[in-house]
**Student:** 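Take this structure, written in structure tokens, and hold onto it; I'll ask about it next.
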Amino acid sequence: MTSTDTFWMAPLHGITDHLFRTLYTQHIAPLDYAIAPFISITSGIKEKSERFHDFFLENNKLLPIEPQIMANKAEQLLLASSILKELGYSCFNWNMGCPSNQVTKHGRGAGILKDVPKINAILDEFFSKSNADLSVKIRLGFNDTKDLKSITETLNKYPLKHVCIHPRLATQMYDGTVMLNAFDTAARELKHTIVYSGDITNADFLMQLKVRYPQIHNWMIGRGLLSKLNVMHEINPQNPKINIQKFMVFYENFKNAQLERFKDEKIAIGRLKELWSYFVQNEILKEIPIQQILRCQSLKEMDKIISATTK
Ligand SMILES: Cc1cc2nc3c(=O)[nH]c(=O)nc-3n(C[C@H](O)[C@H](O)[C@H](O)COP(=O)(O)O)c2cc1C
């Protein structure tokens, strides 16, 4: 890796909250930045409200973040910008990539990729009224890539801080492979700094990307940080190698932090189950019986299964 490469923790809604970001950085591997999972903006939202807890600077001391906002109107981005300024942020990210039907049916997330003139109008109004730094996170399109060229042309008209791209269509959700042939167009056409996001789980794939896109130096990793706990070690051997003991220190801290935050065992269990579906993809954790974990009703039960397999 060159010293100019930066590694970003991808936003994974429901997973990479500030507790995860902090403890991962502390116990598993350092990263350079993170985009915090989105918060939806609706009018009338209160400044500094608990809703923005994940973005509070005091919760993000170890790993600097760019907050992410879900919005489909310029006025929502402007409102977000003033709230985030109060919280100490001069830059934030607009989510234009979430593929969930609940989100896209309202023209939010990747839903907005179907309406390029609307993207243009929102950016136009935002930049005419605000001097905040804005970045965006996009996919290659909704159903197909026919609008990709006009999306890149539109984004090129505005002074975006950077453009994060997950090279899938919204209809692919998270399945199948990343569409590098179509991503070539975006990588070639975009004038902005690009942050690549998709399927980085090992150093070999990263090297292939670096050869194919020598102009890209920002690499975002999401699921790979969980399903390949040593991905950052593989990328840079100076990062610690994670064994089961080190993992368990991270896990125990994370579990206790979730319990303390939510004060509700059911919420903590739900979150931990989601994490385990990724963790068991690691060689060091493959003996964990995931079906039993997913059936657990209490943390005590879960702990018992985990400690029986990790000893
Ligand atoms: C469970 C889950 C939640 C996600 N939440 C967000 C989100 O809040 N904002 C966003 O821009 N992308 C979100 N993504 C997309 C990721 O940030 C990333 O772009 C995508 O997973 C591809 O990268 P990866 O293969 O390294 O995970 C999410 C993905 C997953 C699997």
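These figures come from a predicted structure and were not determined experimentally. Atom set for the values below is all heavy atoms of this structure, side chains included, hydrogens, waters and symmetry mates excluded. One-based numbering, in listed order, for ligands and for the atoms of each.
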**Student:** Check ligand 1 against Ala10 and write out every atom of the ligand that is under 4.0 Å from a heavy-atom position of the residue.
**Tutor:**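 Near Ala10, the atoms of ligand 1 are 17 (O).
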**Student:** Compute the shortest N/O to N/O distance between Arg168 and ligand 1 and return yes if it is under 3.5 Å, no if not.
**Tutor:**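 In this structure, Arg168 places no N or O atom under 3.5 Å from an N or O of ligand 1.
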**Student:** Any donor and acceptor pair, going by atom type alone, linking the side chain of Glu234 with main-chain N or O of Ala203 inside 3.5 Å?
**Tutor:**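 Yes.
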**Student:** Ignoring angles and geometry beyond distance, decide whether Lys137 reaches within less than 3.5 Å of ligand 1 through its nitrogen or oxygen atoms.
**Tutor:**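 N/O-N/O distance under 3.5 Å: yes.
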**Student:** Report yes if some N/O of Pro37 lies less than 3.5 Å from some N/O of ligand 1; otherwise report no.
**Tutor:**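 No: no nitrogen or oxygen of Pro37 is under 3.5 Å from one in ligand 1.
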**Student:** Considering distance alone, does some N or O of Glu274 sit under 3.5 Å from an N or O of ligand 1?
**Tutor:**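 It does not: no N or O of Glu274 is found under 3.5 Å from an N or O of ligand 1.
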**Student:** Which of the numbered atoms in ligand 1 are under 4.0 angstrom from any heavy atom belonging to Gly198?
**Tutor:**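 Ligand 1 atoms under the 4.0 Å threshold to Gly198: 22 (C), 23 (O), 25 (O).
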**Student:** Using modelled atom types and a 3.5 Å cut-off, is there a donor and acceptor pairing between side-chain atoms of Ser130 and backbone atoms of Phe127?
**Tutor:**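 Checking the backbone N and O of Phe127 against the side chain of Ser130, no donor-acceptor pair under 3.5 Å is found.
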**Student:** Among residues two or more places apart or on two chains, list those pairs meeting side chain to side chain donor-acceptor pair (under 3.5 Å) that have a residue in residues 174-184.
**Tutor:**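 Output for this query lists Asn181-Arg212, Asp184-Arg212, Asp184-Tyr213.
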**Student:** Salt bridge check, Asp303 against Lys255: does any charged N sit closer than 4.0 Å to a carboxylate O?
**Tutor:**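 A salt bridge is present here (some side-chain N lies under 4.0 Å from a carboxylate O).
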**Student:** Only pairs at least two apart or in different chains count here, so list each ring pair (Phe, Tyr, Trp, His ring centres under 6.0 Å) that has a residue in residues 61-87.
**Tutor:**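 Sorted pair list comes back empty.
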**Student:** Under 4.0 Å from ligand 1, counting heavy atoms only, is it the side chain of Gln68, its backbone, both or neither?
**Tutor:**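 The answer is the side chain.
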**Student:** May I ask whether Gly97 places a heavy atom under 4.0 Å from ligand 1?
**Tutor:**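 Gly97: no contact with ligand 1 (<4.0 Å).
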